[in-house]
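Keep in mind that this is a model prediction, so the values were computed, not measured.
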Amino acid sequence: MNHQFAKSQLMQETYYDPKDLRKFGKISEWNQELGDKFFEYYNKVFEAGTLSPREKSLIALAVAHTIQCPYCIDAYTGDGLQRGITKEEMIEALHVAGAIRGGATMVHGVQMMNKYNKLSM
Amino acid sequence: MAISQSMQKQGKALADAQNQLTHLSNGIFKTELPTFRTQIKSLGLESLRPKKLEILQINLGYMCNQICAHCHVDAGPDRKEIMTKETMKACLEVIEKSRAHTLDLTGGAPEMNPNFRWFVEEASKAGIKDFIVRSNLTIIMANKTYQDLPEFFKKFNIHIVSSMPHWTRGKTDTQRGDGVFDKSIAALKKLNAVGYGQPDSSLRLDLVYNPSGAFLPGNQKALERDFKQALLTDFSIEFHNLFAITNLPISRFLDYLIASGNYEDYMYNLVEAFNPKAIENVMCTNTISVSWDGYLYDCDFNQMLHLKVASSSNHISHFNLNALQNREIIVSQHCYGCTAGAGSSCQGTLA
């Protein structure tokens with residue numbers, strides 16, 4: 001029994017808990033002024049501007065995957081669904097992120113080639 | 001998410017209204033979240049009271065040609081509860097007496113009631129000017145009996161309100177069943193052809209958007225713009241307004257929320273999005289819902305939860321407007337669905 005209890009406790013202990021996303025606003029409790037400023041900025045960013053909130057949501061989704069933030073992935077998949085964004089649009093946005101990530105690796109190949117050529121006779 | 005039978009036919013425990021209410025009162029509402037009653041009390045409201053009666057919403061029966069995954073009625077072809085002509089006659093007497101100006105016909109598929117057309121004709125004679133029919137669209141394409149519905153709707157200047165969860169085939173069919181999207185498009189074209197939904201037409205055609213999953217609807221205006229653009233570009237279809245309606249956690253949608261592990265998050269989202277402004281205009285304050293067997297409810301959702309009006313006048317056969325106006329509206333946790341975000345009603349957002 002104790003062993004089972006310990007095991008279940010252990011299984012619950014992970015760095016990320018999906019329920020913590022709901023507590024995002026609590027970060028203000030330890031510094032109200034900066035917290036308020038941050039959320040005011042955050043909310044302003046996602047308002048309609050030159051880009052539509054829909055476009056911003058897709059950018060956020062792609063960035064969320066790039067920085068591999070599980071909270072952001074949950075949040076902006078849900079946000080996209082609310083906005084009627086389709087899964088086809090979501091996966092295309094992710095491929096943009098994937099292409100830039102892959103491109104960032106590959107473009108450094110030029111550095112490798114430069115170095116290789118410089119060191120080689 | 002394809003469903004082939006109603007929950008009632010499947011004998012599911014959650015088909016029972018009492019089990020749904022028990023589920024909605026326990027769990028997180030015992031430990032973490034405020035009940036709806038507590039929430040409105042914190043606004044200084046002891047109870048929710050009706051305003052002037054404007055809409056009589058009559059449910060002509062739970063029979064439907066579709067079996068939608070989110071349906072709060074648990075409607076389908078296997079549901080046999082439909083309103084009799086006698087009950088309709090009792091409704092007509094009330095229509096003449098009451099000062100409700102709008103008759104809102106819903107179901108199931110209200111058109112499947114064999115006395116649907118007779119009832120509309122008689123209600124028109126009784127003085128109803130503003131008819132709403134909540135049509136699922138595919139009924140118009142179901143068989144010959146229904147093919148002239150657009151002309152019938154037009155004759156009585158009926159305002160058509162139809163569900164359309166998305167402007168793409170995949171999302172629509174997932175929620176409403178295979179082939180529903182194509183049939184809905186064909187039906188919308190027929191409605192457009194007789195004049196419905198045209199920009200300057202008085203023949204009103206509105207669409208209802210329900211999220212196809214465990215999330216809340218986005219901004220109604222933004223969704224309307226996207227729907228209009230897609231339906232016009234892809235199919236040359238026009239309509240007037242889009243109503244974004246939140247799925248209430250009852251019946252099939254509650255069953256889905258629990259089975260998919262989304263129930264707690266969904267309820268958290270609803271409670272977090274509670275908007276005090278929306279409560280001023282919730283539809284239970286200006287509507288009375290009548291069930292197929294003549295009982296009276298604060299709304300169609302309370303009807304499905306078997307929560308009859310808290311009044312001595314709880315049946316159409318002894319309808320007493322004064323008594324009903326003094327009643328207290330019955331609330332439970334499902335009511336959070338109507339007060340989340342911009343609010344939700346059969347007429348779309350509220351605040």
Side-chain angles (χ1 to χ4, degrees), chain A residues 8 11-12 14 16-29 35-36 39-40 42-62 64 69-94, chain B residues 28 31-33 70 164-175 181 207-231 234 242-247 257 260-273 340-342 344 349:
Chain A
S8 75
M11 282 168 72
Q12 283 168 16
T14 61
Y16 291 111
D17 180 350
K19 287 181 180 160
D20 283 346
L21 177 56
R22 290 177 200 145
K23 302 173 193 160
F24 190 10
K26 286 185 184 288
I27 61 142
S28 302
E29 288 176 7
D36 288 348
F39 284 115
E40 189 191 344
Y42 190 106
N43 292 328
K44 191 79 191 161
V45 162
F46 283 95
E47 284 175 11
T50 313
L51 297 177
S52 69
R54 204 173 190 282
E55 288 166 325
K56 291 181 184 187
S57 180
L58 279 166
I59 294 170
L61 183 72
C69 165
Y71 302 118
C72 316
I73 293 170
D74 275 3
Y76 284 93
T77 306
D79 185 75
L81 278 164
Q82 284 197 19
R83 294 181 193 283
I85 294 174
T86 62
K87 61 183 175 191
E88 289 80 8
E89 291 172 300
M90 289 186 191
I91 196 71
E92 273 188 37
L94 256 66
Chain B
I28 41 176
T31 53
E32 295 167 53
L33 295 174
H70 69 299
M164 194 85 185
H166 205 262
W167 57 85
T168 57
R169 183 175 289 107
K171 285 207 165 196
T172 302
D173 287 0
T174 302
Q175 183 186 92
F181 183 77
L207 296 184
V208 164
Y209 161 83
N210 296 82
S212 45
F215 53 94
L216 308 186
N219 179 278
Q220 184 167 276
K221 274 281 154 229
L223 285 165
E224 181 180 279
R225 195 180 53 236
D226 292 342
F227 264 84
K228 284 199 167 187
Q229 194 182 355
L231 289 180
D234 298 347
L242 182 86
F243 301 151
I245 299 188
T246 304
N247 287 312
L257 287 175
S260 61
N262 282 306
Y263 173 72
E264 285 197 10
D265 278 340
Y266 192 76
M267 296 314 289
Y268 261 95
N269 288 341
L270 287 184
V271 174
E272 196 163 83
S344 178
T349 57

State, to 0.1 Å, how close B/L216 and B/A340 come at their nearest heavy-atom pair, and which atoms those are. CD1-CB, 4.4 Å
Give, as side chain, backbone, both or neither, the part of B/L223 having an atom under 4.5 angstrom from any heavy atom of chain A. side chain
Show the nearest heavy-atom pair for residues A/P53 and A/F46, with the distance to one decimal. CB-O, 3.9 Å
Can you tell me how far apart CG (A/L51) and CG (A/L58) are? Round to the nearest 0.5 Å. 11.0 Å
Produce the donor-acceptor pair table for chain A versus chain B, cut-off under 3.5 Å.
from	atom 1	to	atom 2	distance (Å)
A/R22	NH2	B/D265	OD1	2.3
A/R54	NE	B/D226	OD2	3.4
A/Q82	O	B/G218	N	3.0
A/G84	O	B/H166	NE2	3.0

B/P211 versus chain A, heavy atoms under 4.5 Å apart: side chain, backbone, both or neither? neither
Heavy-atom nearest pair, B/A244 first then B/G218, reads CB-O, 4.3 Å
Of all the heavy-atom pairs spanning A/A93 and A/A62, show the shortest one and how long it is. O-CB, 3.6 Å
I'd like to check A/L61 versus A/I85 (side-chain heavy atoms, cut-off strictly below 4.5 Å). Are they in contact? no
